There are 2 protein chains.
Amino acid sequence: MALVPKIFNSRSGQEGEFFNTIKRILGFKPKNITIYEEAFTHRSLNEKNKQGIPQNYERLEFLGDAMLGSVIAAHLFNEVPSGDEGYLTKMRSKVVSREHLNELGRDLQLIKLLKTNIPTKQFGGNIHGNIFEALVGAIYLDRGFKYCEKFIRKRVIKPYVDIERLEGKIISYKSLFIEWCQKNKKSFKYVVYDDTGKDDLKHFAVKLQLENTVVAKARATSKKKAEERASKRAYYKLQVAIEKDLN
Amino acid sequence: MALVPKIFNSRSGQEGEFFNTIKRILGFKPKNITIYEEAFTHRSLNEKNKQGIPQNYERLEFLGDAMLGSVIAAHLFNEVPSGDEGYLTKMRSKVVSREHLNELGRDLQLIKLLKTNIPTKQFGGNIHGNIFEALVGAIYLDRGFKYCEKFIRKRVIKPYVDIERLEGKIISYKSLFIEWCQKNKKSFKYVVYDDTGKDDLKHFAVKLQLENTVVAKARATSKKKAEERASKRAYYKLQVAIEKDLN
């Protein structure tokens with residue numbers, strides 16, 4: 001029996017739960033929801049269309065991979081005017097690395113939407129990145145390049161693409177933040193809690209307090225990642241003050 | 001002394017010869033011509049902007065490569081609904097192969113526009129493909145994805161992307177055409193002539209006559225390629241008749 005997430009039972013075009021979930025992930029309205037359904041259909045379901053052509057996310061994955069490559073290329077081109085071809089190539093491969101795409105897909109919990117005949121626990125880590133790529137491909141087909149770019153900015157570039165981090169100039173925002181606190185005799189505290197509920201995927205949420213005031217919050221699939229992400233956010237908030245102090 | 005093609009001497013924004021040449025190659029108007037100038041500037045010129053950042057086509061080449069990848073991916077995705085991920089990946093790598101891009105750049109004679117300190121005869125074959133990619137990158141920057149796609153359709157997909165040929169199903173259109181003529185007792189003649197003039201690059205033009213009527217014309221960098229291209233055009237013109245006869 002196919003393991004079809006419940007969410008699909010209640011779907012009915014523009015009204016269904018699936019539609020609303022996709023809309024929330026995208027940050028804009030999908031037009032043709034059936035394209036997204038294909039993006040969440042695993043080959044194990046063995047679905048075929050009227051012409052006998054298999055309907056699963058693998059073709060969309062190919063398309064999404066290409067779109068990710070060009071959007072990230074354009075972003076790096078504009079963002080790093082001093083970077084030569086070799087630099088840009090290296091940076092792009094870091095952003096679209098398998099590991100990174102898996103993290104993106106995992107954080108969005110895309111696997112919860114997957115229709116499959118294989119229990120999701122049997123999948124390796126790459127399933128998360130594959131579905132993420134397929135989703136990008138679906139957005140391109142449904143709404144065109146501009147919206148595809150918009151989604152990638154929201155879900156890949158804004159939260160994750162940090163040139164200094166990618167270049168290895170900043171190894172850890174957490175240590176940078178702690179260093180600043182010690183230098184300035186400020187107290188700080190990372191408050192971490194497990195916010196998983198009944199999910200398959202464990203998630204951690206972090207509140208970062210500076211002198212008893214919450215300065216940043218973050219959520220990730222590990223305690224370490226959540227702390228790092230919160231530190232990064234705090235770092236950028238305090239950047240003016242930090243830069244003044246470290247110099 | 002820099003080897004700057006004469007064409008650049010007469011340029012003055014929207015009026016110059018360079019502008020008009022680019023417009024002809026693009027099939028639409030460039031907006032910011034300076035972007036295209038960078039696309040034709042070789043690193044040997046050692047040009048730098050006010051910030052000391054090298055100005056040559058290498059960054060644009062990176063961008064163009066990415067845009068070509070995504071436009072061809074989308075084209076194949078739509079064109080071959082039955083092709084799986086592996087098939088699409090293989091087909092795309094054939095279309096954007098180094099050899100193919102070199103042919104595209106060579107046929108457009110892009111090297112004639114190149115500003116360089118190295119005599120163009122000293123360049124290897126890859127220079128043609130590299131400039132072609134840079135030109136695609138310039139179009140994206142200047143006019144956005146839609147126009148980039150338009151150019152790639154005109155210059156890559158329409159004249160070159162032939163799924164059956166790429167799949168190896170059709171080895172030669174010339175033999176297909178000749179076979180048809182023999183079967184149907186039709187006379188045919190390939191009239192080839194060298195149309196190079198004073199160009200560095202030798203070109204061949206072909207007229208293909210069927211029963212003393214010219215049915216197709218083509219131009220390429222070798223006699224064989226020009227004949228093949230003319231045969232392909234003739235083949236598609238006569239497709240209905242040929243298909244009827246071969247079956």
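Everything quoted here is computed from the prediction, not taken from an experiment. Excluded from the calculations below are hydrogen atoms, water molecules and symmetry mates; all remaining heavy atoms, backbone and side chain alike, are included. Labels below follow one simple rule: chain letters A, B, ... track the order of the sequence lines, proteins then strands, and each chain is numbered from 1.
Glu149(A) is listed as a side-chain neighbour of Arg153(A), based on a closest heavy-atom distance under 4.5 Å.
Looking at every heavy atom in both residues, Lys154(A) comes nearest to Ile25(A) through CE-O, 4.1 Å.
The aromatic ring centroids of Phe123(A) and His42(A) lie less than 6.0 Å from each other. Separation of the Tyr147(B) and Phe28(B) ring centroids falls under the 6.0 Å cut-off.
Legend: salt bridge (charged side-chain N to carboxylate O under 4.0 Å, His left out) pairs involving residues 46-57 of chain B, not counting sequence neighbours: none detected.
Contact count versus chain B (heavy atoms, under 4.5 Å) is highest, among Gly52(A), Ser82(A), Gly137(A), for Ser82(A).
Residues of residues 59-71 of chain B lying under 4.5 angstrom from chain A, judged on non-hydrogen atoms, are Arg59(B), Leu60(B), Glu61(B), Phe62(B), Leu63(B), Asp65(B), Ala66(B), Met67(B), Gly69(B), Ser70(B) by number. Inspection of non-hydrogen atoms places Tyr140(B), Leu141(B), Phe145(B) of residues 139-146 of chain B under 4.5 Å from chain A.
Every residue meeting the salt bridge (Lys or Arg N to Asp or Glu O under 4.0 Å) condition with Glu58(A), not counting sequence neighbours, appears here in chain and number order: Arg43(A).
The existence of a salt bridge linking Asp107(A) and Arg229(A) is confirmed by a sub-4.0 Å separation between a basic side-chain nitrogen and an acidic carboxylate oxygen.
In this structure, His128(B) NE2 and Glu99(B) CD are separated by 13.0 Å, a value rounded to the nearest 0.5 Å.
Between the Asn56(B) side chain and the Thr41(B) main chain, no donor and acceptor come within less than 3.5 Å of each other. Looking only at distances, a side-chain donor or acceptor of Gln55(B) sits under 3.5 Å from a matching main-chain atom of Ile53(B).
For Gln51(A), no part sits under 4.5 Å from any heavy atom of chain B, backbone or side chain.
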